[in-house]
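Reading through the structure tokens given below for one structure.
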Amino acid sequence: LPICHLVSVQPGKNRMMPPVPRIELGSLKTGADLGHGGQGRVIAVGGPLVGGQPTALKIYSQTLAHTLNVAALEAIVRLPEQLTPHDGHWLRENAAWPAMVVLDQDAVCGFLMRSVPPPYYFSYQTQTQGSQRKLAAIAFLLNSDDYIRQAGLSITQQDRIGLLANVAQSLSRLHSHGIVVGDFSPKNILFRLRPSPSCFLIDCDAVRLRGATVLNKVETVAWESPPGKPLATVPTEALKFGLLAILLFVPDQSSRSEEHTSELK
């Protein structure tokens, strides 16, 4: 596949920045749709293009493609190579981190990332359609114990504590590198419970990296920052983490009430 690299020099410094890998959309062998939303579509891509891992493409809607902060997207793609090898490896292993800019006739239209690893899926049990393969979003765990069990999941209080600790460690590590998740919500954090509880982050182009964002910030409904508070900052993310901690141990999504959230504000 024709992959080209763009090398840039940081203003005022005599050192080369890591290259930004790019690839043309037309050269990709695309497969099934993996999901879609207000920003665009996520599509499976044939061939292990990202670090030897199965790969997915996020392609932005035509409307949004014209408003992208391309420099911010390039900075996100470049980041792992600017970290220590250990930290860069951790980021690639624990997040669907943008790894390659995708061009459509020389215009940036999306990016490639590693696909979600199989352990972060589960077999969702339905009463009428049998078992369905679904992303293991933490949102499933914010329901009643009966719902969780009927969905085909089994989680203990110790699992909840371990998972919450792993999310906290991941946030702390990201924040230390100037990364704020941005759209922090239980839909964008995946989980696995075995062999030990851990999380995997998706929708990573929504991060704020050292103050810059790819698009105007949008937050998941019911997981917005408190009124008057800035979006995508470490303090507002800490508030959302506190809410997640509450709801993970209160087995009912409707339990998010003013009496729970007022203390966080």
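With contacts defined as side-chain heavy-atom distances shorter than 4.5 Å, the pair Leu244/Trp223 qualifies. Two residues are said to be in side-chain contact when any heavy atoms from C-beta on lie closer than 4.5 Å; Met113 and Lys58 meet this criterion. Side-chain contact check for Thr233 versus Val180: every heavy-atom pair is 4.5 Å or farther apart. Between Phe184 and Val207, every side-chain heavy-atom pair lies at or beyond the 4.5 Å cut-off. By the 4.5 Å heavy-atom criterion applied to side chains, Pro98 and Cys204 are counted as neighbours. Here the side chains of Arg192 and Leu163 are not in contact, with every heavy-atom distance at 4.5 Å or above.
In summary, Asp145 and Arg160 engage in a salt bridge, as defined by a charged side-chain N under 4.0 Å from a carboxylate O.
Taking a 6.0 Å sphere around CZ of Arg92, one finds it holds more than 12 heavy atoms contributed by other residues, nucleotides or ligands. Other residues, nucleotides and ligands place more than 12 heavy atoms under 6.0 Å from the CD atom of Gln157. The neighbour count for His36 NE2, taken as heavy atoms of other residues, nucleotides or ligands under 6.0 Å away, does not exceed 12. Around NE2 of His175, the count of heavy atoms belonging to other residues, nucleotides or ligands within 6.0 Å exceeds 12. Within 6.0 Å of the CG atom in Asp33, the count of heavy atoms belonging to other residues, nucleotides or ligands exceeds 12.
In this structure Asp183 satisfies the side-chain hydrogen bond (donor to acceptor under 3.5 Å, both in side chains) test together with Asn188, Thr220, sequence neighbours excluded. Every salt bridge (charged side-chain N to carboxylate O under 4.0 Å, His left out) that Arg114 has, sequence neighbours left out, goes to Glu93. Evaluation of the salt bridge (charged side-chain N to carboxylate O under 4.0 Å, His left out) rule for Glu219 yields Lys240 as partners, not counting sequence neighbours.
For Phe140 and Phe191, the ring centers are positioned 6.0 Å apart or more.
Proximity of a side-chain donor or acceptor of Thr126 to a complementary backbone N or O of Gln129 within less than 3.5 Å is detected.
A donor atom on one side chain and an acceptor atom on the other are not found under 3.5 Å apart for Thr67 and Tyr60.
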